[in-house]
Structure formats: structure tokens, C-alpha cells
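These numbers come from a predicted model, not from an experiment.
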Amino acid sequence: MANETEKLLIIGGSDAGISAALKAKELKPELKIQILLADEYPNLSICGIPYAVSGEVPDWHLLAHRNLQELTSTGIEFQMNMIADKIEPQRHEVVAHALTGELKTYHYDHLVVATGARPKLSGIKGVDLAQAQQQDSKVRILHTMADYFAIERNIATDSVRKVAIVGSGYIGIEMAEALRKRHLDVTIFQRGSEILSTVDADLGRIIHQKLSANAVNVITGLTVSEINETGSNVEVVGLNEHQKTQSSTYDLVLIVVGVQPNNELLVKVGAETGIAGAIEVDQYMQTSLPDIWAAGDLVETRHHLLGETYLPLGTTAHKQGRIAGFNIAGIQRAFKGSLGTQVLKAFDLVVVRTGLLTSEAIQAGFNPFTVTTDVDDHKAYFPGAQEIKIRITGDQKSGRLLGVQLIGHYGSEVAKRSDIFATAIFNDMTVAEISDLDLSYSPPVGSPWDAVQIAAQNWEQQNAKR
């Protein structure tokens, strides 16, 4: 009797799950691949939702990295609106249910769990995920396409004019801009002293000022403790830094205060967990359970400078899924680690970081020295030159590049210049070695010494004076 076709089952059809499926199918075409998808929107860019809300992306279908026809043409099968309930590792089976309630059992030879993360609500009284997912709720999270459709229904009505956003990270700031472009009155809340806490406070302050200049009301130093939905209004209650209660009412409230690993399926069957409850995986994305891989926002991530951490990012999820696909297909490939590279566009500014901040470098045991340089993005004699602020953190003794933050105008290649630094950190270069790179030059786009090299040379000079 002929052997049955080898089966790869994937739970989750976003970045990591799709990347694993595509790579495994490419390398091993005879593999039967099924993806269990909790909704019917595979491979959509959730990161692109703010731009669909703003109207800059005119049709949400365009958010698909690949459309369903492109995906199924590879031979990958999708089981839509199918929610995995439990994994039975000994039997190599997954039990799932359809939205209609029908139970179904799937057998696998290899399993990839790519269930991602779930939103945090940070103990906010009066709201839970179930409430935020009700069709008529005026309190929303932003995590899935269903959330996007719900928000669109809300803001399409004349009754919604005032919107509050709880959380001032990347998504919160992007949504603030998107909703201003829809001509809504927007307030954004941040519990810390400054928004965008993933960069230094003075750089966050520049983004704060940009939001204020575009009529976004920014409230810092206030921890939202309670949200009460009463009729057509939503009351937001918080404690300020003096522990005094403040409250205000809005027509709609969005909660974007971070995520946590969506790890329940694997935890229930004994998978090892680590930082923040994220699933432990080895460098090949294998869990502690036989024939089960995991990738994306539910797993621990190896950081190039810090070791194991929890750092959920879409770029990382794509890479980790791809690595899982390689190994399932029998080609050993290791995940090389993350640098936590992140970028934000806020109106006409771009802010980006890669590697470590000074405080993080100290905590990691380095001896950091940080220098900030303001430098033009191209030769000043060519019209339109804009200043980029480049902050370099390097180790004082070894000169090793540890981290960089940049902020400048959209169109100044801020993110791509950061990518030069990210490549350098990944390859353990010193700050001085940045000057050895053969970078492109033409007066409209750069200088004989590029902005990144001028900043690196300034760091060298300042470090030598210490």
C-alpha cells in the first residue's frame, strides 16, 4: 500500500503562517498543506489598516500581500472561518470548529502554530474583548479585519465626531493621523510622560508636536483606568500623574495598548514558554513538542544584541515563518535574530530606530556613548535639502555600533538610511567602519560622505575626546 501524502497543517493565515506555507510548498511541492483560518481574510496587511481608514488605500482588498487566487494557485488549501480548539500531539491531530458549530478533526505530520498575538487591555475596567467585538459597540480594538469593518461602520455615521485613542505607540499614532484625515476630532492618551516610548523622549516630543500641529489633542501622563459605554457616548476615566481622576466623553474609543502572545493552544498541551509567556522555540522555530513549529507574534524572539526577548513585529513574523517552512521541507535554516527595527510615518515626519537605546545598552551590560548629529539629507546647494537628526549609540571601548535613532522628513530616505545601520549592527560592525562603506552619491540625493557617515564620524570624534 502506498504511503499517504505528507501533510503540513498550519493554524493561522497571517504573516508567519502564509510565509511557512509558501516556502514549504516551494521546496517540497508534493507536501499537502492546509491552513486553518479564523476568518476569511488570508495574508492581509493588518499594518496597512490605518491607511485604509485614512482613504490613502482606497480599497481594503488592496491590503492583501497576495490575493486568495494567488495563494490557492500554489496548491495551498484554506479552511476558512475555522477556529482551532485543541491540539492532540500524540495523535498528530487538531480539533477545530466552524462558525456554524460543526466540529472537524485534521491530521498532520507537521504542524505550524501561527496564532499571533491578542490585544492587551491593561486592566482597563469596564471593557473586555468580547464587548469590543460586539457589532454596536462604541469601544473598539484594532487587530483584525473584523475590527476594521466595525470601525468603518462607526465612523461612517454622522453621530461619530469625537474619537479617543488609548495608546500612543505606532498604531495609535497612525490611527490618529488617519482619523484626522477623515476630519474627526481626535484625542490620544499616553500613560507615560511622552508618546512613542520606543524612542528617546525628546524624539517622541517631536512627533508629539507634529500631532498637535495637525490638531490631534495629545494627553500624556494619564493612565486610563475605566471606560464606560453609556448609550451614544463613551466615558474615558483616568488617573493623572498627581493621582487625580479625570474624565471626558467621546463618540468612539479605540484601544491600542499593545499585545500579548496568543499562546493558549500550545500552553494547554505543555509547550515550554518563556518571556511574557511567549512560546519557546529553537533557532529552527521548533517548539518543545514533537513535529510542532511556531512562528510570529506568539513566540520568543532572538535579539542579536540581547538574546531571547519578546518583540512582536510583522517583519520578524515573515522571517520566522519562512524559516519554519525551510526546516519542514528538510532544509536546515536558522533564524538569525532581530534588531527590533521599527519605523513610523507621522504626517510628514518619519522616525525610526534599530538596535538599542542608551538605557537598553546599559541594562545589557555595554558601556554606551551616544551622540546626536543634525545633517542634511543631500547637498544643501541642491534645492529641497531637509535636516535629518541621527542619534548613534556605540560602545565606548570597542567602538561597536549598538543602536541608532533617526527622525526627518518623509522623502529624505530616513528609513533606508536606518537600514544601513541595521545591516551594520547585524554584521557586528564598529561605528568607524560605517565610513568605509561605498554608498551612492549624487547631489539631489546625498553627499560624498552620506548623512549616515557624517553622523558616524561625529560619534568617533566626540568619543575620542572623552
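Y148 has its ring centre no less than 6.0 Å from the ring centre of Y41.
The shortest non-hydrogen separation linking L401 to A424 is CD2-CB, 3.8 Å. Residues I10 and G17 share a closest heavy-atom pair of CD1-O, 3.5 Å. Here the closest heavy-atom approach between residue T393 and residue P368 is recorded as CG2-CB, 3.7 Å.
Of the listed residues (I407, V404, N458), just one forms a side-chain contact (heavy atoms from CB on, under 4.5 Å) with I390, and that residue is V404.
Annotation: Y410, atom OH; neighbour count of heavy atoms from other residues, nucleotides and ligands within 6.0 Å does not exceed 12. Heavy-atom neighbours of R391 CZ from other residues, nucleotides or ligands within 6.0 Å: above the threshold of 12. Counting non-hydrogen atoms of other residues, nucleotides and ligands closer than 6.0 Å to CD of Q209 gives a total above 12.
H378 is linked by a ring-ring contact (aromatic ring centres under 6.0 Å, His included) to F382, counting only residues two or more places apart in sequence or in another chain. By the ring-ring contact (aromatic ring centres under 6.0 Å, His included) test, Y284 is found to be paired with no residue, residues two or more places apart in sequence or in another chain being considered. With sequence neighbours excluded, the residues satisfying ring-ring contact (aromatic ring centres under 6.0 Å, His included) with H304 are F426. Scored by the salt bridge (charged side-chain N to carboxylate O under 4.0 Å, His left out) test, D185 finds no partners at all (sequence neighbours excluded). Contacts of K120 classified as salt bridge (charged side-chain N to carboxylate O under 4.0 Å, His left out), with partners at least two apart in sequence or in another chain: none.
For the residue pair S193 / T220, no side-chain donor-acceptor distance below 3.5 Å is found, with atom types taken as modelled. Under the 3.5 Å distance criterion, with hydrogens and angles disregarded, no donor-acceptor pair is assigned to the side chains of R180 and N214.
Using modelled atom types, no side-chain atom of D376 and backbone atom of K379 make a donor-acceptor pair closer than 3.5 Å. Between the side chain of N233 and the backbone N or O of E229 there is no donor-acceptor pair closer than 3.5 Å.
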Which pairs would a plain distance check flag for residues 313-324, meaning a side-chain donor or acceptor within less than 3.5 Å of a matching protein atom at least two apart in sequence or in another chain?
unit_1: H318; atom_1: ND1; unit_2: G314; atom_2: O; d: 3.0
unit_1: Q320; atom_1: OE1; unit_2: G296; atom_2: N; d: 2.9

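Atom CD1 in I425 sits 4.5 Å away from atom OG1 in T354 (nearest 0.5 Å). Between N327 atom CG and F335 atom CZ the span is 12.5 Å, to the nearest 0.5 Å. Note that CG of D251 and OG1 of T249 are 7.5 Å apart. Values are rounded to the nearest 0.5 Å.
The side-chain tip of K162 points at the ring of Y250 from less than 6.0 angstrom away and within 45° of straight on.
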- request: Start with the C-alpha gap between W60 and Y51, add the side-chain angles, then the distance that decides, and say whether ring-ring contact (aromatic ring centres under 6.0 Å, His included) holds.
  value: CA-CA 9 Å; W60 66 264; Y51 308 106; over 10 Å; no
